[in-house]
Amino acid sequence: MPEGSYAFERFPRCKLNLGVSRRQLWSALRTEFVVFGGKAEGGIAYKLADLGDLPDEQLAEVIPQIVSGCEILVRDGFVWGRSPSAHRPIQLFPLGSPVVTAFNQFNGRTPLGEASVRLAQMLGWDAARSFAYARGLFLCLVMVGICRPAG
């Protein structure tokens, strides 16, 4: 794939399109129940689809993590991922690209803002580009069922 295919810094600001298959229905309903429960307790809760619309300051506090039960594979010079609901893995990104540096920060402990700072330091990028890149990668991985916010 050409490098332009991994231009995560250009990810649009919009609600995420999270199509739900029949297999994913119960999981999606459970997530909605947890979100509703958080609102009922007086907290602020967001649906996964809302992540693409969040301001950078709020999204920077989100802690990305790999979904439990996902498979991450390295094959043919690429990183592949299979969500728990998928039948087969999909090609995510090439090894040796800046994506790997960002992806390795999605460990369930590091906020997205901190991951982007580390990315900027490791690659010599400015803060705006680094955050946009980490944001786009995270949101793309949320859309394919590989990542979710921790907690």
Does a side-chain heavy-atom distance below 4.5 Å link Pro84 with Cys70?
-> yes
Step by step, would you call Leu123 with Tyr133 a side-chain contact (heavy atoms from CB on, under 4.5 Å)?
-> CA-CA 12 Å; Leu123 299 175; Tyr133 196 86; over 6 Å; no
Is the side chain of Asn107 donor-acceptor paired with the backbone N or O of Arg109 at a distance under 3.5 Å, no angle test?
-> yes
Just jot down the side chain to side chain contact (heavy atoms under 4.5 Å, CB included) partners of Asn104, sequence neighbours excluded, or say none.
-> Val100
With sequence neighbours excluded, tell me which residues meet side chain to side chain donor-acceptor pair (under 3.5 Å) with Thr101.
-> none
Counting N and O atoms only, with roles assigned by atom type, does the side chain of Arg148 sit under 3.5 Å from a partner on the main chain of Val142, one being a donor and the other an acceptor?
-> yes
Would a 4.5 Å heavy-atom cut-off, applied to side chains only, mark Arg135 and Leu59 as touching?
-> yes
side-chain contact (heavy atoms from CB on, under 4.5 Å) evaluation trace for Arg82 with Leu73 = CA-CA 8 Å; Arg82 188 185 66 75; Leu73 314 158; 5.7 Å; no
d(Ser83 OG, Arg88 CZ) to nearest 0.5 Å is 13.0 Å
CZ-OG distance between Arg118 and Ser130, expressed to the nearest 0.5 angstrom | 11.5 Å
Cluster link Trp125 to Phe93, ILVMFWY, side chain under 4.5 Å = yes
Roughly how far, to the nearest 0.5 Å, is the CG atom of Leu139 from the CG atom of Leu54?
-> 8.5 Å
Check whether Phe138 and Val144 end up in the same hydrophobic cluster, where Ile, Leu, Val, Met, Phe, Trp and Tyr are linked by side-chain heavy atoms less than 4.5 Å apart.
-> yes
In sequence, state the C-alpha distance, the side-chain angles, and the governing distance for Leu92 and Leu141, and then conclude on side-chain contact (heavy atoms from CB on, under 4.5 Å).
-> CA-CA 8 Å; Leu92 298 175; Leu141 293 174; 4.0 Å; yes
Taking a hydrophobic cluster as the set of Ile, Leu, Val, Met, Phe, Trp and Tyr residues connected by side-chain heavy atoms closer than 4.5 Å, whether directly or through intermediates, do Leu95 and Leu137 fall within one such cluster?
-> yes
Walk me through it: do Ile66 and Cys147 pass the test side-chain contact (heavy atoms from CB on, under 4.5 Å)?
-> CA-CA 4 Å; Ile66 305 301; Cys147 270; 3.8 Å; yes
Same cluster or not: are Ile63 and Val117 linked, directly or through other Ile, Leu, Val, Met, Phe, Trp or Tyr residues, by side-chain heavy atoms under 4.5 angstrom apart?
-> no
Enter the distance from Ile146:CD1 to Gln65:CD here, rounded to the nearest 0.5 Å.
-> 13.0 Å
